[in-house]
Amino acid sequence: MLDARKYGNMRSRQIILFLWLITYAFVAAACGGQSERAAADVVEPATATPVPAVQVNESAASQPSSTTSTAPASPEAAPVSEVEGVLFPITGDDNKYGYVDAAGTVVVEPRYDYAERFTEGRGMVRLGDKWGFVDATGHEIVPPQYEAANIFFEGLANVMLNGRWGVVDRSGNMVIPAELESPLFFKEGLAHLATLGKWYIVGSDGQPVSPQPFDWIGESFGDRAVAIVNGKFGFVDAKGTLVIPAEYEEASPFPADGEPALAPARIGEKFGYIDARGNVVIEPQFAFAMTFSEGLAAVLDSFTDLRFGYIDASGQYAFEAQFDEASDFSEGLAAVRVGEKYGYINKTGEMVIEPQFDAALRFTEGRAAVARRDNDILQYGYIDTAGQWIVEPQFDNATPFAEGLAVVARGDGAELKYGYVNTAGELVIDPQYDAAYDFVDGLAPVMLDSKMGYIDSTGQAVIPFAFHEARAFGSNGLAPVRVNNKFGYVDRSGTMVIEPQYDSAFPFQDGTARVISGSQDQYVDTTGRTVFETPGLYGTDFQDGLASVQIGNKFGYINQRGEVAIEPRFDAAGLFNEGRAFVRVGNKYGLIDATGAWLAEPQFDSALDFTGGRGGVLMGDKWGFVDQDGTLVIEPQYDGINVFGTDGYAFVMHESKWGLIDLNGQWVIEPHLDGYHYAMYGMASFSEGLTAVFENGLWGFMDASGQYVIEPQFTMAENFVGGVARVEQNGQYGLINRNGEFIWGPQPLPNTIGAQG
């Protein structure tokens, strides 16, 4: 949020401030950035409201993902565990882990130091510092003997022995000897082999091509990252190629939500906006301009009249300059200051929550942290989108929600201790840490006694407190950590897979990560080799046998032999699914088949991945769906959507509430929900006939008729698997059956200290 009273004095410090903001955003919340899948409105377990809809990534590097914490998941393949049976992890009084079956019978007595959820009929367990696997009968298929391990995927699991990685099958047989420097991540039978060292782009001759050195590179949004070359600002793509020349005095990132794909840039003394090719779309005319969020951007006309207004993608004012301070939109609302107090406006400029707060943060998951001054001390609480208190002011600091939890602090000055509250306003992890950060894919970095480690959403320490700095996990399951003065990368078991050697390091995106050694930025990857030679820049993993590739400034597709299957002629290319992919030409999206033929000419303002026989499309500010022929079968009418699941249902938003529609657009559940559980991208909306939904601050379970089978009563709920669902209630957790009866527990959440292993 920018304060117009102060901005006039910021000019000489603007580049420094910009760099600091990017660094701060990375360290403190970064890892709450955009998901790499081109999906919309996905609610992870225990979150209250979905995230805003986004379109196909500029590099088409979106990938399906899941809330499973240690490995990717394929939406096409039914997990083996659904067929063979599954056990559920529990904890005993001494914080030891065991397993129960769907009847609540203890199959494995609590004796392990940690136990993962079952995948493909296997559960990963740790005893001391060794990892192994158990099957659905509780038998140790692989006794704890490995230094690190990953969960099973496509019938295989990575294990580490004597500092080297190998692969075991579901019987525990070592099918790939433990001779590799890093783990293999299989997808459709292919894997990228990770090795240490620098990363270079591989050209059509198989030789590496070094990206040019930059003075500085920011985080990527919309496959573009701000870069500085010789004091000028430009943009690089995800592979480090300068795609917009460094010729601007200043520039800010492209929108995180991708719409519109415009970035603020200063040419001379005025700010305008450029598109992803560097074309000036909105002429330079503003004294200052912010990044677009949800289709609007705050701008300042003049430093003599320090009032902010908001413009649309055409550069016209959506509503006139009238605010003393302005911020980005989030979930349809933006915090603004009028006089000395903060309130919230909607996207028509209407003040929907009157100015009354002394501080106000953005809305996430239907909640916003706000503060009121008490004896000159700010006390934070949380409000909902109607401005009603969810948590009365009581914390000395508070942050936005991520994955259903928000960091809060109590104490004085340097003595602040950090913990977490949930969206119902309950303090679920007591303030006890010296520092704490957002949850990403179920893990959060925290500091205790000057060392950092990682905890899960119950507060259980799952990676020891052994680092001087720890950052969030990237898309490939690796996180940057600092030991003394150098950064390396650990996996989700806490194993150091890339030794500390860099001055700074950032999360992995699209299989690559930016690292800094000395004055030069470099990229490293987890492959070290290619599966085949590509004719251009490697863009995505394979989906339906095709992967996008960039050749020059255009995107096309290659097959699994490395041959060009669809000539590069698009400005962006999405993942294929069900033989269909959305692509962008200019500023419009269309639908192609696996031969590259048009099914729907470019005409949409945005698009989602094609799943369940439907593809989400945006026309104006409303979402609808097309079928496999590209025909618009559900007219644009929704404010937000998710993709269709395998059972033929999709959650959609109408007038700020969520409901469920079928393939014809008929309401199955009328829009009245505040959120829902969607554990795996593209999977069935109803898991075993029920779906966890969030209403009026509590979670319950509905059937396909829209009736509550289990009334809302939980502060957290996950979908059913094997007839069992994990829930939390009144600070305790347990496992329930389909009748809502506890088959195990409830009992207090695991102790947060002393389980570091």
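The figures that follow rest on heavy atoms only: side chains count, while hydrogens, waters and symmetry mates do not.
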- Task: Hey, could you give me each pair passing salt bridge (charged side-chain N to carboxylate O under 4.0 Å, His left out) that has a residue in residues 96-108? Not counting sequence neighbours.
- Result: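 Salt bridge (charged side-chain N to carboxylate O under 4.0 Å, His left out) check on residues 96-108 returns Lys96-Asp113.
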- Message: Using the rule ring-ring contact (aromatic ring centres under 6.0 Å, His included), only one of Phe644, Phe686, Tyr676 pairs with Tyr649; which is it?
- Response: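 Filter result, single survivor: Phe686.
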Between atom [atom1] of [X] and atom [atom2] of [Y], what is the distance when rounded to the nearest 0.5 Å?
X: Arg122; Y: Arg170; atom1: CZ; atom2: CZ; answer: 4.0 Å
X: Leu575; Y: Thr611; atom1: CG; atom2: OG1; answer: 12.0 Å
X: Asp441; Y: Phe473; atom1: CG; atom2: CZ; answer: 9.5 Å
X: Arg726; Y: Ile736; atom1: CZ; atom2: CD1; answer: 12.0 Å
X: Leu698; Y: Thr423; atom1: CG; atom2: OG1; answer: 9.0 Å
X: Lys130; Y: Leu161; atom1: NZ; atom2: CG; answer: 7.5 Å

Where [X] and [Y] come nearest, the two heavy atoms and their spacing:
X: Ser493; Y: Ile463; answer: C-CG1, 4.3 Å
X: Ile429; Y: Tyr433; answer: CG2-CE1, 4.0 Å
X: Leu478; Y: Val497; answer: CD2-CG2, 3.4 Å
X: Pro480; Y: Ala472; answer: CD-O, 3.4 Å
X: Ala692; Y: Trp699; answer: O-CZ3, 3.6 Å
X: Asn158; Y: Val167; answer: OD1-CG2, 3.7 Å

May I ask you to decide if [Y]'s main-chain N or O and [X]'s side chain share a donor-acceptor pair within less than 3.5 Å?
X: His468; Y: Val483; value: no
X: Glu365; Y: Gly404; value: yes
X: Asn719; Y: Thr691; value: no
X: Glu718; Y: Ala725; value: no
X: Thr364; Y: Pro400; value: no
X: Glu147; Y: Gly163; value: yes
X: Glu426; Y: Ala424; value: no
X: Asn739; Y: Glu741; value: no
X: Glu728; Y: Phe714; value: no

Any side-chain heavy-atom pair of [X] and [Y] under 4.5 Å:
X: Asp438; Y: Phe401; value: no
X: Leu690; Y: Arg738; value: yes
X: Gln729; Y: Phe742; value: yes
X: Phe467; Y: Val490; value: yes
X: Leu443; Y: Val462; value: yes
X: Pro89; Y: Arg117; value: yes
X: Val159; Y: Phe133; value: yes
X: Leu127; Y: Arg111; value: no

- Message: Test side chain to side chain contact (heavy atoms under 4.5 Å, CB included) on Met716 and Asn422; report intermediate values, then the result.
- Response: CA-CA 9 Å; Met716 187 282 290; Asn422 63 18; over 6 Å; no
Validation row, ring centre [X] to ring centre [Y] under 6.0 Å:
X: Phe465; Y: Tyr454; answer: no
X: Phe439; Y: Tyr420; answer: yes
X: Trp744; Y: Tyr733; answer: yes
X: Trp131; Y: Tyr146; answer: no
X: Tyr502; Y: Phe487; answer: no

- Query: Is it true that atom CG of Asn485 has more than 12 heavy atoms of other residues, nucleotides or ligands lying nearer than 6.0 Å?
  - Reply: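 Not more than 12 within 6.0 Å, no.
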- Message: Can you list everything that forms a side-chain hydrogen bond (donor to acceptor under 3.5 Å, both in side chains) with Asp135? Sequence neighbours excluded, please.
- Response: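 So Asp135 forms a side-chain hydrogen bond (donor to acceptor under 3.5 Å, both in side chains) with Thr137.
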- Task: Sequence neighbours left out, what passes side-chain hydrogen bond (donor to acceptor under 3.5 Å, both in side chains) with Thr105? Give chain and number order.
- Result: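 Expected list: none.
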- Task: For the pair Lys451 and Glu469, find out whether any cationic side-chain nitrogen is under 4.0 Å from an anionic carboxylate oxygen.
- Result: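 So Lys451 does not pair with Glu469 through a salt bridge.
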- Item | Stepwise side chain to side chain donor-acceptor pair (under 3.5 Å) test for Gln747 and Thr91 | CA-CA 9 Å; Gln747 72 170 39; Thr91 54; 3.2 Å; yes
- ring pair (Phe, Tyr, Trp, His ring centres under 6.0 Å) between Phe720 and Phe701, worked out: CA-CA 9 Å; Phe720 277 89; Phe701 293 86; 4.9 Å; yes
- Show your reasoning for whether side chain to side chain contact (heavy atoms under 4.5 Å, CB included) applies to Val134 and Tyr112. CA-CA 11 Å; Val134 298; Tyr112 297 106; 3.7 Å; yes
- Task: Given ring pair (Phe, Tyr, Trp, His ring centres under 6.0 Å), test Phe118 with Tyr99 step by step and report yes or no.
- Result: CA-CA 10 Å; Phe118 262 59; Tyr99 288 94; 5.3 Å; yes
- Steps toward side chain to side chain contact (heavy atoms under 4.5 Å, CB included) verdict (Val446, Met452): CA-CA 5 Å; Val446 296; Met452 295 192 69; 5.9 Å; no
- Query: Would Leu735 and Ile90 count as a side chain to side chain contact (heavy atoms under 4.5 Å, CB included) if you check the C-alpha gap in whole Å, the side-chain angles of each, and the deciding distance to 0.1 Å?
  - Reply: CA-CA 9 Å; Leu735 305 174; Ile90 59 170; 4.2 Å; yes
- Going by distance alone, is a donor N or O of one side chain under 3.5 Å from an acceptor N or O of the other, for Gln460 and Asp456?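 No donor-acceptor contact under 3.5 Å links the two side chains.
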